[in-house]
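Reviewing the structure listed below.
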Amino acid sequence: MHKERIIQVGAVLGALAVGIGAFGAHGLADMLEMQGRAETFETGVKYHFYHALAMLLVGILSLLKLQEKWIKRSAWLFLAGIVIFSGSLYVLSLTGITWLGAITPFGGVAFIAGWICVAMAKYEG
């Protein structure tokens, strides 16, 4: 991902988090409560939104001339974490497919690795 796109991707991911959260709170509330999955869905939305904000931060950091390889890696890892962690929780909440819970931790590892990549990025200016 080009560093110029990181802020745009973060903004789109933030908009999606707000939309998915609102849909879950209003359009899916009864179904999620019936299935006992409202908290699971909410956890997915929270981590989705936190890491959309992290993508924005990474995009801003990329403008400060930090090492591009670490910035790009962190952006990709945050994106992967959102898809795997939050995505698996969304699907699990809506379908009840419980084996998806087994892949959720891989998304969490991607989040952690993304934060480590941010920490590794040194100033090149």
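- In this structure, E39 has no salt bridge (charged side-chain N to carboxylate O under 4.0 Å, His left out) partners at least two apart in sequence or on a different chain.
- Nearest heavy atom pair, residue A52 against residue G14, reads CB-N, 3.4 Å.
- Closest approach of G108 to F85, counting heavy atoms only: N-CD1, 3.8 Å.
- Between the side chain of E124 and the main chain of K65, no donor-acceptor pair closer than 3.5 Å is present.
- Across every non-hydrogen atom of G10 and L56, the tightest pair is C-CD2, 4.0 Å.
- Taking the six-membered ring for Trp and thresholds of 30 and 60 degrees, Y47 and H51 have nearly parallel ring planes, at less than 30 degrees apart.
- Sorted by first and then second residue, the pairs that involve residues 67-96 and meet salt bridge (charged side-chain N to carboxylate O under 4.0 Å, His left out), not counting sequence neighbours, are E68-K72.
- Between Y90 and H48, the two ring planes are tilted [angle within 30° to 60°].
- Rounded to the nearest 0.5 angstrom, L94 CG and L32 CG are separated by 6.0 Å.
- Residue M31 is grouped with residue V45 when hydrophobic side chains (ILVMFWY) are merged at heavy-atom distances under 4.5 angstrom, including chains of intermediate members.
- For the atom pair CZ of F111 and CD1 of I84, the computed distance is 9.0 Å after rounding to the nearest 0.5 Å.
- Inter-residue side-chain proximity for I116 and I112 is flagged as met; some heavy-atom pair is nearer than 4.5 Å.
- Both L13 and L61 belong to a single network of hydrophobic side chains, linked directly or stepwise wherever heavy atoms of I, L, V, M, F, W or Y lie under 4.5 Å apart.
- Contact detail for W76 and M1: the closest heavy-atom pair is NE1-N, 2.7 Å.
- Side-chain polar atoms of S88 and T104 form a donor-acceptor pair below 3.5 angstrom.
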Residue pair I82, L16: steps toward the side chain to side chain contact (heavy atoms under 4.5 Å, CB included) verdict: CA-CA 11 Å; I82 290 170; L16 284 171; over 6 Å; no
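- When all heavy atoms are compared, the tightest approach of F49 to A17 is CD1-CB, 3.7 Å.
- Distance CD/Q67 to SG/C117: 11.0 Å, rounded to 0.5 Å.
- A distance of 12.0 Å separates CD1 in I60 from CG in L66, rounded to the nearest 0.5 Å.
- Cluster annotation: W99 and F106 are assigned to the same hydrophobic cluster (Ile/Leu/Val/Met/Phe/Trp/Tyr, side-chain heavy-atom contacts under 4.5 Å, transitive).
- Nearest heavy-atom pair across S93 and Q35 is O-OE1, 2.8 Å.
- Hydrophobic clustering of Ile, Leu, Val, Met, Phe, Trp and Tyr side chains at less than 4.5 Å, counting indirect connections, keeps W115 apart from L53.
- For the pair L89/R37, no side-chain contact is recorded, criterion being any heavy-atom separation below 4.5 Å from C-beta on.
- No side-chain heavy atom of M55 sits less than 4.5 Å from a side-chain heavy atom of V58.
- When the side chains of ILVMFWY residues are joined at heavy-atom separations under 4.5 Å, either directly or via intervening members, L79 and L77 end up in two distinct hydrophobic clusters.
- With sequence neighbours excluded, the residues that form a salt bridge (charged side-chain N to carboxylate O under 4.0 Å, His left out) with K46 are E42.
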